[in-house]
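A quick note: this is a predicted structure, and the numbers were derived from the prediction, not measured. Proteins come first, then strands; the chains are lettered A, B, ... in the order of their sequence lines, and each starts at number 1.
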Amino acid sequence: MMTRADFVIVLAAVLFTGGLYGMLWSESGAGQTALIQVGHEPPQRVTLDAHRVLTLRGARGDSVLEIQPGRIRFRDSSCNHKFCVLSGWLTGAGASTACLPNQVSIMVTGGPPGYDAINF
Amino acid sequence: MNGSQQTFIQKTMLVAALWLMLGSSLVSRAADAPSPYRGSVLEFGTIIDISLWGVDPAHGDKAIETLERDFNWMHITWHAWKSGALGRINSLLPLGGEFSAAPSVLPLILEARELSRASKGLFNPAIWELIDLWGFHTDVEPEGPPPSAEAIAALVKQHPTMDDITISGIRMRSRNPAVKIDLGGFAKGYGVDRAIETLRSMGIDNAIVNAGGDLRAIGRHGKRPWHIGIRHPDTPGVIAELDISGDESVFTSGDYERFYEYQGRRYHHIIDPRTGYPATASRSVTVIHDNAATADAAATALFVAGPDEWHSIARAMGIRYVMLIDTTGTVHMNPAMQKRLKLTITPAPKIIISPPL
């Protein structure tokens with residue numbers, strides 16, 4: 001006969017295991033990150049952990065990237081059409097966009113899987 | 001210790017043991033679940049993202065460096081308005097004499113000519129002069145102004161086509177002085193095909209090469225298919241998603257990719273060879289095909305064809321999966337494409353399903 005204490009232990013084990021599943025079974029248990037590339041420079045990796053704003057010098061001016069926990073976007077860029085800005089927030093792993101005129105690209109690389117590639 | 005306490009301890013130990021076994025299995029599974037090895041290169045006038053599955057970082061770096069060099073070579077060699085191999089051909093074609101064309105470009109010209117014929121001329125790489133007239137031969141963002149109606153009409157009247165070019169071996173000539181070749185709408189796809197060949201020759205059978213949103217995917221992402229999103233032409237986010245396992249290319253031509261606004265009007269880069277003006281009936285066309293070069297040319301041709309003609313042109317080009325979004329936002333698809341795609345936007349757009357291709 002299962003007592004209340006047994007039930008509590010089993011429930012704790014199930015919840016703990018479920019938590020582990022969520023953290024570890026996903027394809028990237030590591031914290032969410034993004035790769036930022038400017039021109040032909042080697043890409044730099046940033047962690048999407050806290051709010052901050054990065055200003056990068058590109059081919060024709062500044063690109064302003066905004067980071068919040070778990071996501072990143074172009075807030076502004078030195079291009080005419082702002083296609084990069086209109087792409088909005090990138091969240092799932094694999095999400096990417098670029099400001100071609102300014103030669104700045106970003107790609108989310110860690111965290112829960114989103115799309116492996118975006119067609120447009 | 002009484003019996004009840006003993007049973008309680010036994011049960012606790014049993015649960016703890018099970019938990020430890022399961023927990024360690026999960027940790028092990030997580031460690032065994034690497035992400036794709038990714039890199040991006042800035043070549044071909046766009047950002048090319050490369051995802052490789054199941055490679056070690058050293059081999060991945062070598063593959064990406066190789067592709068970067070290859071794409072750089074292709075960009076220079078096949079550039080439409082700079083002094084590479086295609087640039088030389090374009091400087092000689094209008095003169096009308098026979099000349100030797102660089103073998104590095106000939107295969108593309110021959111394949112593009114076949115695709116142009118299959119598309120009934122809607123994919124027409126011979127309209128270099130028209131694209132130049134509209135101001136799209138520039139490394140920076142085009143700004144206009146649009147050309148005069150007279151200048152457009154004069155070029156359309158000369159009716160440049162790929163069939164004006166005769167090729168014998170490496171010898172080439174044009175009988176139409178208005179013919180110059182712009183492989184935009186084809187060279188990127190051809191280059192993606194070559195990149196996939198290169199990856200396979202390096203022993204990499206699971207990969208995506210995504211050149212500015214147009215991609216070919218081979219193999220799988222480990223135990224699952226590659227998962228692809230198709231971006232909405234108007235709003236941030238994805239309009240549809242699909243899975244690929246095996247070998248397929250997904251190419252989209254859209255009026256948002258390259259354009260300028262002049263005096264409140266928008267002019268995009270996909271020129272209808274029949275009118276000389278940007279094609280007006282489509283917002284975007286997505287094509288799935290096993291070959292990236294064909295998918296690239298077909299996406300351009302079907303964009304020009306629009307909602308009324310896309311079906312017959314797709315059939316003529318041997319395309320089996322098409323999604324066209326027209327200027328009202330209505331989605332046109334063939335039944336096979338409808339089965340492949342999962343639309344992700346709400347409210348769902350109006351959808352018109354065509355007869356099978």
Contacting moiety of B/S40, where chain A heavy atoms sit under 4.5 Å: both
Atom NZ of B/K62: over 12 foreign heavy atoms under 6.0 Å: no
Atom group of A/L100 that falls short of 4.5 Å from chain B, counting heavy atoms: side chain
Side-chain heavy-atom pair B/D49, A/M107 within 4.5 angstrom cut-off: yes
Residues of residues 52-60 of chain A contacting chain B, heavy-atom criterion under 4.5 Å, by residue number: A/R60
Test item: A/N119 and B/D214 side chains (from C-beta on) under 4.5 Å apart, heavy atoms: yes
Smallest separation among heavy atoms of B/E141 and A/N80, with atom names: OE1-N, 2.8 Å
Where B/I228 and A/Y115 come nearest, the two heavy atoms and their spacing: C-CD2, 3.7 Å
Engaged part of B/I208 at the chain A interface, taking heavy atoms whose separation is under 4.5 Å: side chain
Derivation and outcome, side-chain contact (heavy atoms from CB on, under 4.5 Å), residues B/R231 and A/T97: CA-CA 11 Å; B/R231 189 174 288 165; A/T97 194; 4.0 Å; yes
Partners meeting side chain to side chain contact (heavy atoms under 4.5 Å, CB included) with B/D243 (sequence neighbours left out): B/P225, B/H227
Any residue meeting side chain to side chain contact (heavy atoms under 4.5 Å, CB included) with B/K342, in chain and number order, not counting sequence neighbours: B/E241
Inter-residue atom distance A/I118.CD1 - B/T252.OG1, 0.5 Å rounding: 11.0 Å
Chain B interface, residue from A/P43, A/S96, A/A117, A/S105 that has the most non-hydrogen pairs under 4.5 Å: A/A117
Contacting moiety of A/P101, where chain B heavy atoms sit under 4.5 Å: side chain
Residues of residues 256-264 of chain B with any heavy atom under 4.5 Å of a heavy atom in chain A: B/Y256, B/E257, B/F259, B/Y260
Selection from B/V238, B/V140, B/D139 maximising heavy-atom pairs under 4.5 Å formed with chain A: B/V238
B/T286 portion near chain A, given a 4.5 angstrom heavy-atom threshold: side chain
